[in-house]
Amino acid sequence: MPVARRTLLVAGLAAATSAVTGCGDNGAPDSGVAGPGDAVTATDAAGNRVGFGAAGKTTPPSGTPSAAASPSGGAAPAGQARYAQEVTALLRRHLPATPQTVQHQGFPGAVAVVLVDGKTAVHTAVGEALRYGAGPKLLPAGQRVEMRPDSIFDLASVTKVYTAILLLQQVDKGRVELGAPVRDYLPGFTAAGTERITVEMLLAHTSGLPVGAKVTGLADNTARWNAVLTTGLVSGAVPGTTFRYSSVGLMVAGKIVEEVTGQRLDQALKSNLTGPLGLRDTGFNPNTWLSGSAKASRLVATDARSSRGLLRGTVHDDVANHLGGVAGHAGIFATASDLAVIGQMLLNGGTHQGRKILAATTVRRMLTNQNSGKPAIDPERPNRTAAHGLGVVLNQSWFMGRLASARTFGHTGFAGPSLLVDPARKLVLALLTNRAHPNWSWSNPDPVRASLGDLLAKEVS
């Protein structure tokens, strides 16, 4: 996301002065259960984690990425594609120039997973997960944390993909109709003009709702959610006619999931998606389910200069933070490997390793452009089209590079993550960077996303 959008969304740096969401598309396991970093996985000779399923399984199942790449980003290990070293070299070019360099032009660190035909072609980690302390200030070398293949990132707006999947599962079950008014499920959705908004419009970003909601200065979470549900339309907006990116729309979508499942969104995520897929490294509020050692070694830092101080394991998005870290637009944390599984599941038509998550017909609808012929309003990207499925971005070269096509889908997040899936090449790319550490204004993450898309378009036929 260009810097101007964040400037528009957040007036000043302190979260206390504004709670307009900053998780645009440039956006947990229950406490007490064994989580990532606990003794449920094995490690290889280099100390990398190689178990991603249920406790006791120490080899990744077919089609699930393994943590085989060197944390230092060296030569590609056996079994990875010939271009793995090129991917690593490209990412390294965006790191700070030297260990003593204060300001970077890209990101302190990154992890990339590339799957081709369901098999790991690249899994590489470069740079540092923690480089700066609050202030921000450059930390001494001994206090920094190296990036690992199994580092856990704030997915920011990529959370929207997960929310869409959870809501579409309820469509499969007959509990939700995409063409039904949102008010059928949420009677408190009462702002003027919102009676015309359907569930489908929330996922396609044609609702006319704004990017963010004002939730500061309210007494409790009930009041904050009421403020979200009563957020009015953008001035002049007509629901269903125009693409306008809206985090509020996905906040509302998450609330529909909660209403029809009877579960809070983090519990619905675990019950209906991460649990069935065996994704132990994905969830909201990771500080509640990671072990102490995993918090220290695997959590990737974001901002280091906000009124909240250094953010590590705490959601970067201001509104999501005010809502307790659990919301439909932002708040999920995950590894690149776990994110790649989501992409592979959708590429497989809703099934992964024998587990059916969505009906194939639902996935086809999800990945079909819902906005054909509609205008797009995005001041930050005037060349952007309205092409969007249900919860996924379609055919946008600004982050997909030469992989962009009518069938290519994915999503990006403000903190630096992105998911890209090219069905023609049977390719899934999970690229996670910590570009918002310590200061989101230092860099635009889109150029490296597009450059990596260009590289993969050349290398994967």
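Residue numbers count from 1 along this sequence. The analysis underlying the following values was restricted to heavy atoms, covering all of them including side chains, and did not include hydrogens, waters or symmetry mates.
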Side chain [X], main chain [Y], donor-acceptor under 3.5 Å:
X	Y	answer
Trp289	Phe284	yes
Asn371	Ala387	no
His322	Asp318	yes
Lys374	Gly240	yes
His411	Val161	no
Asn434	Glu128	yes

What residues, two or more places apart in sequence or in another chain, satisfy side-chain contact (heavy atoms from CB on, under 4.5 Å) together with [X]?
X	answer
His104	Pro96, Pro108, Tyr132, Pro438, Trp442, Ser443
Thr242	Arg244, Pro375, Ile377
Pro210	Thr231, Val234, Val248
Ala457	Arg402, Leu403, Arg425

Does one side chain, of [X] or [Y], offer a donor that lies under 3.5 Å from an acceptor on the other?
X	Y	answer
Thr302	Asp154	no
Lys160	Ser247	yes
Ser293	Ser291	yes
Thr124	Thr88	yes

Report, as yes or no, whether the 6.0 Å neighbourhood of atom NZ on Lys426 holds more than 12 heavy atoms from other residues, nucleotides or ligands.
no
Can you list the residues that meet the side-chain hydrogen bond (donor to acceptor under 3.5 Å, both in side chains) rule with [X], with sequence neighbours excluded?
X	value
Arg93	none
Asn348	Gln344
Thr408	Ser405
Ser271	Gln263

Under 3.5 Å donor-acceptor pairs involving side-chain atoms of residues 163-180, not counting sequence neighbours:
| unit_1 | atom_1 | unit_2 | atom_2 | d |
| --- | --- | --- | --- | --- |
| Thr163 | OG1 | Thr159 | O | 3.4 |
| Thr163 | OG1 | Gly328 | O | 2.7 |
| Gln169 | NE2 | Asn272 | O | 2.9 |
| Gln169 | NE2 | Ile357 | O | 3.3 |
| Gln170 | OE1 | Arg175 | NH1 | 2.9 |
| Asp172 | OD1 | Thr362 | OG1 | 2.3 |
| Asp172 | OD2 | Ala359 | N | 2.8 |

Considering residues at least two apart in sequence or located in another chain, which fulfil the salt bridge (Lys or Arg N to Asp or Glu O under 4.0 Å) criterion with Arg407?
none
Could you list the residues that satisfy salt bridge (Lys or Arg N to Asp or Glu O under 4.0 Å) with Arg312, not counting sequence neighbours?
none
Given side chains that start at C-beta, do those of Leu339 and Val341 come closer than 4.5 Å, heavy atoms only?
no
Between Phe409 and Gln396, is any pair of side-chain heavy atoms under 4.5 Å apart?
no
Quick note, salt bridge (charged side-chain N to carboxylate O under 4.0 Å, His left out) partners involving residues 345-373, not counting sequence neighbours, are Glu200-Arg365
Between atom CG of Leu394 and atom OG1 of Thr385, what is the distance when rounded to the nearest 0.5 Å?
8.5 Å
Note: Arg264-Asp266 ion pair, threshold 4.0 Å (strictly below)
yes
Looking at Val252, Val211, Asp317, Val228, which one forms a side chain to side chain contact (heavy atoms under 4.5 Å, CB included) with His329?
Asp317
